[in-house]
2 protein chains.
Amino acid sequence: MPTARVVTLAHVAAAAGVNASTASKVLNGDAAVRVGPDTRARILAAAKALGYRPNALARGLRTARSHMLGIAVPQLENPVFPEIILGAETAARERGYSLLISHSGEADGDARLYEALAAVSRVDGLLVATLEDEAVLASALARSTVPFVVINRKLEGIANHVVFDSFAAARVATEHLLSLGHRRIAHLAGRTEGYNGTRRLAGYRAALEAAGLVFDPSLVVAAGYTVEGGEAAIRELLGRGAGFTGIVAATVLTAAGAMKVLHATGLQLPSQMSIVGIHDAAIADMLHPPLTTVRLPLREMGSVATHGLIDLLEGRIGQVECTLPIERLVARQSCAAPLGSRP
Amino acid sequence: MPTARVVTLAHVAAAAGVNASTASKVLNGDAAVRVGPDTRARILAAAKALGYRPNALARGLRTARSHMLGIAVPQLENPVFPEIILGAETAARERGYSLLISHSGEADGDARLYEALAAVSRVDGLLVATLEDEAVLASALARSTVPFVVINRKLEGIANHVVFDSFAAARVATEHLLSLGHRRIAHLAGRTEGYNGTRRLAGYRAALEAAGLVFDPSLVVAAGYTVEGGEAAIRELLGRGAGFTGIVAATVLTAAGAMKVLHATGLQLPSQMSIVGIHDAAIADMLHPPLTTVRLPLREMGSVATHGLIDLLEGRIGQVECTLPIERLVARQSCAAPLGSRP
DNA sequence: CTGTTAGCGCATTCAT
DNA sequence: ATGAATGCGCTAACAG
């Protein structure tokens with residue numbers, strides 16, 4: 001497999017009749033270099049004519065900057081992660097960086113996770129969007145030799161992070177149901193220990209209390225972030241016999257799982273049961289009925305984290321701490337006024 | 001931002017009291033080197049003790065192999081691509097390669113696409129899963145300086161590709177409906193010019209004809225590969241008034257779009273209309289009713305393409321040409337016997 | 001204004 | 001069985 005003829009800086013310099021270092025300065029737009037306009041033109045012309053492409057490896061070796069970023073995600077099945085990656089990849093490209101992907105899979109135990117992170121070697125920095133247990137993640141990250149920004153959660157003792165306002169997301173979702181007249185609203189929570197889980201639960205509760213309702217723990221079930229979790233949780237809730245007419249689901253997958261069970265139960269959506277999901281994934285609009293959601297700035301989260309990481313790397317800033325506002329509620333057909341309310 | 005102390009080969013060599021070149025040979029398991037067992041042990045121990053990690057950039061510069069692969073995908077919104085990426089990333093990691101991601105977005109025109117590919121510079125090879133027009137893609141690829149494998153389509157004049165059996169996928173889907181007693185089966189086709197589109201159409205038609213039915217062009221509409229395309233196509237079909245009781249949808253997104261319209265129309269699924277989708281994405285099970293699908297070897301396609309590309313790179317093989325069999329039909333609740341059939 | 005020199009970290013001849 | 005020397009392609013000091 002003969003690699004195609006590769007044009008090096010030396011070729012360009014030779015063609016332009018200058019020294020390689022001069023060509024390097026000109027091509028890199030080194031501001032501190034004063035060079036004759038004709039020389040500059042010759043170099044540029046030669047580079048273009050020869051189709052010169054700098055060797056990123058050599059440059060990286062010399063400058064100790066690979067211009068590559070790694071992103072660690074737990075999985076690709078949940079649409080949350082492709083969205084984050086999309087934002088990250090776009091931002092990275094804008095800034096002249098490439099994005100190396102690594103999915104940690106079912107990594108448990110920090111050694112395994114650390115391996116996944118280390119596999120993303122030769123990167124200048126790391127974007128971390130995994131779902132590990134706090135302690136495990138912190139321990140793995142403590143060994144990192146490069147700067148990193150944590151996406152989608154705040155970690156005790158770790159400065160750099162970009163999150164969105166999970167509290168507001170749940171509050172807005174709950175308020176929507178409240179405004180429709182619902183008074184008994186259940187919450188299919190995420191992981192009630194995690195950052196997002198606790199914030200969402202708090203947002204749900206705050207909305208309830210602001211409306212003068214009392215928080216009823218029997219209306220809350222931890223459902224995780226999967227379809228199966230949603231199914232199990234709604235069954236549990238239904239089994240408890242604690243009447244409710246609306247549901248705030250922690251994610252769109254949780255909502256989908258709940259809807260499967262509700263359909264099986266024969267309950268009519270939205271007339272007999274309303275549901276709001278948090279995360280406006282494409283699937284929300286494919287569910288039946290189309291799911292009302294809170295649109296989350298996931299792409300933006302990836303993008304902001306990436307710009308922040310690069311700024312960090314380049315010494316422009318010292319820290320990345322950002323909480324993005326949620327976008328808005330997207331009303332579809334999964335919510336209606338509760339049955340009992342006046343018509 | 002002081003980069004953490006970095007251990008080089010020289011450090012290891014010094015610690016072991018040997019020359020760097022010796023350490024290099026031992027650490028790389030160079031077979032042609034005979035080295036004293038104690039020396040070898042000392043080197044290995046020193047490397048481990050110091051936590052030596054070879055500098056991938058330096059190694060790449062020296063060997064002219066970056067051990068990085070690029071994957072170009074058109075988008076991340078369609079779950080097809082994350083699945084392919086997952087397979088590719090896993091395979092790459094198994095072989096000691098990293099995966100650099102690049103989404104070409106709405107690239108049209110080969111210059112733009114070429115830029116996207118070139119952005120994935122510094123890679124040893126390229127995995128190409130874009131959706132471009134044949135000519136555009138071929139023209140962009142012609143400029144590639146590295147070997148590539150095309151995923152999910154065959155291209156005129158381009159040898160290396162990994163596809164799945166699109167013909168069989170559509171045939172199996174159609175046969176399922178046939179076996180249930182359907183006789184008027186519509187096809188929401190993909191892009192009827194593309195590789196997959198034509199193969200699927202052919203598979204659909206073959207199944208029909210094998211069952212002694214005549215192919216009716218008025219039952220086929222090009223729907224592309226999006227939800228909106230599915231919606232438009234089913235409306236078109238319904239508008240034609242050509243009666244049918246079953247639908248073979250080119251993708252799960254197409255099927256989801258069709259189902260939205262069918263629900264809006266008030267048709268009962270599956271009692272009044274059956275539907276099968278091609279591609280067993282996670283969403284299939286979240287639709288209502290859960291969608292019967294043909295499971296496609298997407299992850300495997302990514303994995304096989306990646307192994308093939310690496311084999312190509314390493315000179316183990318000369319060509320990658322592979323058509324993967326489909327996995328199987330996954331029956332859910334979107335199909336039933338047609339109304340007219342005996343009970 | 002431009003050229004010279006040096007070296008990033010590694011793998012690879014070729015000598016011992 | 002090991003070491004010395006060389007250079008991959010590039011950029012950064014420093015000369016001139």
Side-chain angles (χ1 to χ4, degrees), chain A residues 2-44 46-47 50-68 96 121-124 145, chain B residues 2-44 46-47 50-68 96 121-122 124 145 314:
Chain A
T3 345
R5 270 176 44 53
V6 61
V7 179
T8 76
L9 190 55
H11 297 141
V12 175
V18 298
N19 184 279
S21 71
T22 307
S24 170
K25 287 169 203 156
V26 169
L27 260 15
N28 289 325
D30 188 331
V33 75
R34 294 162 312 168
V35 69
D38 54 330
T39 313
R40 144 169 283 117
R42 277 208 319 281
I43 294 172
L44 261 17
L50 297 178
Y52 171 66
R53 292 223 167 246
N55 180 320
L57 259 38
R59 174 180 285 173
L61 178 58
R62 183 60 238 246
T63 60
R65 298 248 90 116
S66 66
H67 278 244
M68 291 195 297
S121 77
R122 64 186 148 192
V123 296
D124 292 341
T145 57
Chain B
T3 344
R5 273 177 39 57
V6 60
V7 178
T8 76
L9 190 54
H11 297 141
V12 175
V18 298
N19 184 280
S21 70
T22 308
S24 171
K25 288 168 202 157
V26 169
L27 259 15
N28 289 326
D30 188 331
V33 75
R34 293 163 312 169
V35 68
D38 53 332
T39 313
R40 145 170 282 117
R42 277 208 321 281
I43 294 172
L44 262 17
L50 298 177
Y52 171 66
R53 293 225 167 242
N55 180 319
L57 259 37
R59 175 180 284 176
L61 177 58
R62 181 61 235 253
T63 60
R65 297 248 91 115
S66 66
H67 278 243
M68 291 195 296
S121 77
R122 65 187 146 193
D124 292 341
T145 57
E314 299 184 344

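Below, read A as the first sequence line, B as the second, and so on, with proteins coming before strands; counting in each chain starts at 1. For the numbers below, each heavy atom of this structure counts, side chains included, while hydrogens, waters and symmetry mates do not.
For Ser21(B) and dA4(D), a side-chain-to-base donor-acceptor distance below 3.5 Å is present, hydrogens and geometry of angles not being considered.
Which of dT2(D), dC10(D), dT11(D) sits closest to the side chain of Thr63(A) comes down to dT11(D). Nearest to the side-chain atoms of Ala58(A) among the listed nucleotides dC10(D), dT2(D), dT11(D) stands dC10(D). If you check dA11(C), dA4(D), dT2(C) against the side chain of Arg59(B), the one that comes closest is dA11(C). Comparing atom distances between the Val6(A) side chain and each of dA11(C), dG9(D), dA4(D) picks out dG9(D) as nearest. Distance from the side chain of Arg62(A) is smallest for dC8(C) among the nucleotides dC8(C), dG3(D), dA13(D).
With rounding to the nearest 0.5 Å, the separation of OG in Ser24(B) from CZ in Arg62(B) is 9.5 Å. Annotation: the span from Arg53(B) atom CZ to Leu9(B) atom CG amounts to 15.0 Å, rounded to 0.5 Å. Taking CG of Asp124(A) as the start and CZ of Arg65(A) as the end, the distance is 5.0 Å to the nearest 0.5 Å.
Atom P of nucleotide dG9(D) and atom NE2 of His67(A) are separated by 20 Å, given to the nearest angstrom. Rounded to whole Å, atom P of dC10(D) lies 13 Å from atom CZ of Arg53(A). Regarding Lys25(B), its NZ atom lies at a distance of 9 Å from the P atom of dG3(D), rounded to whole Å. Atom CD1 of Ile43(B) is separated from atom P of dG3(D) by 8 Å (rounded to the nearest Å). In this structure, CG of Asn55(A) is placed 17 Å from P of dC10(C), rounded to the nearest angstrom. The separation between Asn19(A) atom CG and dT2(C) atom C1' is 8 Å, rounded to whole Å. Straight-line distance from the CG atom of Leu57(A) to the C1' atom of dG9(C): 12 Å, rounded to whole Å. Between Asn28(A) atom CG and dC10(D) atom C1' the separation is 9 Å, expressed in whole Å.
Note on the helix from dC1(C)-dG16(D) to dT16(C)-dA1(D): terminal axis deviation equals 40°, with five pairs used at each end and the result rounded to 10°.
The side-chain heavy atoms of Val18(B) and Arg42(B), taken from C-beta on, include a pair separated by under 4.5 Å.
Residue Leu61(B) is the one, among Thr22(B) and Leu61(B), whose nearest nucleotide of DNA chain C lies closer to the 5' end (criterion: closest heavy atom). Nearest-nucleotide positions on DNA chain D for Thr8(A) and Gly36(B) put Gly36(B) closer to the 5' end.
Nearest heavy atom pair, residue His67(A) against residue Gly96(A), reads ND1-O, 3.4 Å. Heavy atoms only, all atoms of each residue included: Ala47(A) and Leu27(A) are closest at CB-CD1, 4.1 Å.
Each of Val12(A), Ile43(A), Leu44(A), Val6(A) was checked for a side chain to side chain contact (heavy atoms under 4.5 Å, CB included) with Tyr52(A), and the lone residue meeting it is Val12(A).
Within 4.0 Å of Leu9(B), counting heavy atoms only, lie sugar-phosphate atoms of the nucleic acid but no base atom.
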